[in-house]
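Labels below follow one simple rule: chain letters A, B, ... track the order of the sequence lines, proteins then strands, and each chain is numbered from 1.
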Amino acid sequence: MITLDPARLSQHFDPREAEDRWDRAWEEWGVHRYDEEGQGERFVIDTPPPTVSGSLHVGHVFSYTQTDVIARHQRMRGRNVFYPMGWDDNGLPTERRVQNYFNVRCDPSLPYEPGLKTEPAGEGGQKAPPRKVSRKNFIELCLALTAEDEKAFKALWRRLGLSVDWALEYSTISDHARCIAQMSFIDLFRKGHVYQVEAPTQWDVDFRTAVAQAEVEDREQRGAYHHLRFGVEGGGGFVVATTRPELLAACVAVATHPSDARYRGLVGKRAITPLFRAPVPIFSSELVDPEKGTGILMVCTFGDATDVVWWREQGLPVRQIVGRDGRLLPAEFGSGAFPSLDAPAANASYAPLVGRTVKEAQKAIVDQLRDPTGAAAKDAQPPLQGDPQPITHPVKFFEKGDRPLEFITTRQWFVRILEHKQELLDAGRKIQWHPEFMGARYRDWTQNLQLDWGISRQRFFGVPFPVWYPITAQGETDFSRPILADQASLPVDPMSDAPPGYPPSQRDRPGGFRAEADVYDTWFTSSMSPQIASGWTLRPERHRRLFPNDLRPQSHEIIRTWAFYTIVKALLHENTVPWRHAAISGWVLDPDRKKMSKSKGNVLTPMHLLDEYGADAVRYWSLSARLGVDTAFDEKVLKVGRRLSTKLFNVSKFVLTQSAPEAPITRDLDLSFLFRLRETVEQASTSLDAFEYSTALDDVERFFWNGFTDSYVELVKARARSEADPEGRGSAVAALQLGLKVFLRLFAPFLPYITEEAWSWGFAQAEGARSVHRAAWPGVADFGGLRAVEGGGATFDAAVGFLAAVHRAKSQAGASVGRHLARLRVATSPATLRRFECVRADAVAAARVENHAAESREGLADGSFEVLECELAEGRPEA
RNA sequence: AGGCGCGUGGCUCAGUGGUAGAGCGCCUCCUUGACACGGAGGAGGUCGGUGGUUCAAUUCCACCCGCGCCUACCA
């Protein structure tokens, strides 16, 4: 029996101080440590490595807490929990942040400057032109800044009480992760799952890199149909509608629908473009929509994805006029690539466009098109018919980009995924999604795949391909015979390391080698998070124990990227699924139910919330939301969490300061309360096993509040202090302590700080578990040996119902709860009356009734009491 | 345009084939010995709309409306 001296306990709980103290204790004690040697059942979590260059967001707190509660519960269940934390630091977001933070740009042609000094650009620093730095200097800046960013994230995670095993921390740019990611490529290459090809690729002109289908999003943009009059060889003309007149010089064909009578006569002839007077074939295609525009359109290099399809199907030439920087390239009309019936005029028209951005070029060419001298049809009408007709239409953007994507022909590496669609769909069905409907997101995405996975990025801060190419004696790079790194030499940087069998001096020389300059798509590396954590080929035994993982938690917007690619890798490398369960968290919306985003300026940062309400309260808010449900941020819920935490503090103080001789639990009220508590334990356990933590929290909280603090504690208070009834007192105090001991453990995964604090006051020592987070999850062991009680929980309910009726009567009489009643007569159902007899003494004492009578009446609901007569006692007699 | 999710008291959200639930907010009352960072009581909803199935629908089905997301649409 634990008995504390009330004077030793502080008046209030100070979350700030306690959080710091317990965080340090947990780390010191190794409470969250995975046991490498442990033989017991494991529970392996594949934690999302956050992009550290992104800003801290309440959404982070929200979803990571939802994972943590599962980790903590599993640990208390006795599982050997593997809960790592990674940082996703490589990739464009970091490069962009470094560019802005230091006002620098990477120029790979520059030499490395050792000891380069850079200052944060500050607020007004953007006005100066960016400083060009070498690739190596740029990467150093990225590493330095991400190291700082990781510190901020880690501080938040620790403050929040995530039970991560920090010994398992990793970052996706580390040597270890590079090694795994390069191994991944080598394995895919050997199995024939990757290929490279020179092909039109969606290209961001600002970042100057290719992007994958998954990174592309549509944005509604203002545009305009420009009606351009084309000529036809042998006479006549027609009008196309285009939103991209600036691509006129890149026009390679004209297309119409086979059933469109208006243009049927044109098919097979050649059209003449205005201004440039290029003869281009007219063909028909089912892909043309006769209802759209004028039903006849120009095909360019490359206006959109359909242009790419036609280029392939029709064997059209390439007239690439948009460069990698989004500006128009020089072109010589009259040459082979750019035929023209009037080359001098064409070149005169094109010359002013060279070097202009797409947007500028559009403006310039529209002016030219208004001039009748550019007409291709010899009827003296200007090529531009009427004014452009404004429309809004969806345009593809890189999700992190600012200007529309262009299709540009480049050499890229791809992973074959289209041919594995069916296996990928099967894999999705083998994974249990929580909530289940999230599996549909994966299925829909996989079914709709159009392109293989482009993994080349023309960037700097990323994991390089472990690849070189031979240079022929004539000095040509032979991309068809890539040289792969030796597995044993990983990680390699082909820009500084030489390939197997070549001396470094042969770099970029005829007969020598040339490095692959591109780096991986970030997802190529982060899709290996389970393997990075397990060690994969570097630690095969360990990998075998940890993979496939048990749980992948993540949010729904990255199902098509992170979840998808991770499934791809597990399939292609080991022909398995990467995890058994995927738990998909929802989003935090702003109070108006709008998505939080930087551009809207409605993003909430979490630190001040932790300061104001405490980590347990912030966790409570996160855990009140069900998996997969988008939740509006609501500060009220934080207040509720803080109140719950306070209540736990106070009731723990009360329970542990009661004193009684060690005694068995014998009284019906006590046993009946414990009966109900046991039911709550069972419900919570079932819910948590199904990752339905919010239901568990709700059930536990409800019974804690209504059943324990408001009812049971009040009902036994008198007996717990009784001098006259030592047995009853012993039973009461023992039941109070058992109740508290169970509640602290039930709440521990949700509110780790306050529960640890209260646990430490006595149970830690008494139970031989110094941390509540390593104590056994409540179960049969706690309730074994207790006598079965007549009526089960209904006996407890009868006492609660009686107390509620008395409270109601007192309130209606304008009296306080503590006011004594001189006389009370109540009625209840016969069954409830019978049960009430067992708890009558406690109930009457708690209600402070001097003379009472209880009678039975048919027709009343079980558990409820009706007050028939009630008389307040005069004044306040001594208790 | 298709798919998915959501629509329950002022707010945020649970829930269920059988007379509607919680917390917050609001109103009234209470400083009692764990707790005023509290406690007791109360008011407040025809569960988005219309049909259908059923003895019975907020719950199941169909359609519609509104919101959100995903996918498609780029001439």
[atom1] atom, [N] versus [M]: distance in rounded Å?
N      : M      : atom1 : value
G44(B) : G10(B) : P     : 12 Å
G21(B) : G41(B) : P     : 16 Å
C13(B) : U53(B) : P     : 36 Å
A22(B) : G45(B) : C1'   : 14 Å
A43(B) : C26(B) : C1'   : 9 Å
A57(B) : G52(B) : P     : 11 Å
C4(B)  : C64(B) : P     : 13 Å
G25(B) : G17(B) : C1'   : 33 Å

| task | For the pair E723(A) and R729(A), evaluate salt bridge (charged side-chain N to carboxylate O under 4.0 Å, His left out) and give the outcome as yes or no after the intermediate values. | result | CA-CA 8 Å; E723(A) 298 293 339; R729(A) 178 172 179 168; 3.7 Å; yes
What nucleic acid atoms does [X] come within less than 4.0 Å of, heavy atoms only: base, sugar-phosphate, or nothing?
X       : answer
V395(A) : base
S811(A) : base
S624(A) : nothing
R560(A) : sugar-phosphate
H807(A) : sugar-phosphate
K810(A) : nothing
T242(A) : sugar-phosphate
R626(A) : sugar-phosphate
V299(A) : nothing
V817(A) : sugar-phosphate
A440(A) : nothing
G303(A) : nothing
D218(A) : base
W705(A) : sugar-phosphate

How many Å lie between [atom1] on [X] and [atom2] on [N], as a whole number?
X       : N      : atom1 : atom2 : value
Y620(A) : A14(B) : OH    : P     : 12 Å
L872(A) : A40(B) : CG    : P     : 18 Å
H556(A) : U71(B) : NE2   : P     : 12 Å
K639(A) : C11(B) : NZ    : P     : 17 Å
E220(A) : A72(B) : CD    : C1'   : 12 Å
L9(A)   : G33(B) : CG    : P     : 17 Å
F437(A) : C6(B)  : CZ    : P     : 6 Å
R441(A) : U71(B) : CZ    : P     : 8 Å

| remark: The residue among V288(A), L247(A), V252(A) that forms side chain to side chain contact (heavy atoms under 4.5 Å, CB included) with V299(A) is V252(A)
Less than 4.0 angstrom between a side-chain N/O of [X] and OP1 or OP2 of [N], yes or no?
X       : N      : answer
Q447(A) : C70(B) : no
R702(A) : G23(B) : no
K717(A) : A34(B) : yes
R721(A) : A34(B) : yes
R643(A) : G39(B) : yes

[X] to [Y] - nearest heavy-atom pair and separation:
X       : Y       : answer
K741(A) : W759(A) : CG-CZ3, 3.7 Å
Q202(A) : L405(A) : OE1-CD1, 4.0 Å
L644(A) : F747(A) : CD2-CE2, 3.8 Å

| task | Name all stems that contain residues of RNA chain B, defined as runs of 3 or more consecutive Watson-Crick or G-U wobble pairs, both distances under 3.5 Å. | result | B:1-7 with B:65-71, B:10-13 with B:21-24, B:26-30 with B:38-42, B:48-52 with B:60-64
| Given the side-chain rings of W587(A) and F62(A), with only the six-membered ring counted for Trp, is the space between their centroids under 6.0 Å? | no
| query | Between W203(A) and F302(A), is the ring centre distance below 6.0 Å? | reply | no
| Taking the side chain from K653(A) and the backbone from S10(A), do they hold a donor-acceptor pair closer than 3.5 Å? | yes
| request: Before giving the answer on side chain to side chain contact (heavy atoms under 4.5 Å, CB included), spell out for V254(A) and F238(A) the whole-Å C-alpha distance, their side-chain angles and the decisive distance to 0.1 Å. | output: CA-CA 10 Å; V254(A) 167; F238(A) 59 87; 3.8 Å; yes
Out of [options], which nucleotide sits closest to the side chain of [X]?
X       : options                : result
F654(A) : G5(B), A34(B), G23(B)  : A34(B)
V640(A) : G23(B), C35(B), C13(B) : G23(B)
W445(A) : U71(B), G39(B), A14(B) : U71(B)

| field | Lys NZ or Arg CZ of K647(A) over F708(A) ring: under 6.0 Å, within 45° | value | no
| Under 3.5 Å donor-acceptor pair, E714(A) side-chain atoms to A34(B) base atoms | yes
| note | Contacts of H12(A) and W587(A) projected onto RNA chain B by closest heavy atom; the upstream (5') one is H12(A)
| field | Toward the 5' end of RNA chain B, by each residue's nearest nucleotide, K653(A) or K636(A) | value | K636(A)
| request: Flag the pair D14(A) and R16(A) as a salt bridge only when some basic side-chain nitrogen lies within less than 4.0 angstrom of an acidic carboxylate oxygen. | output: no
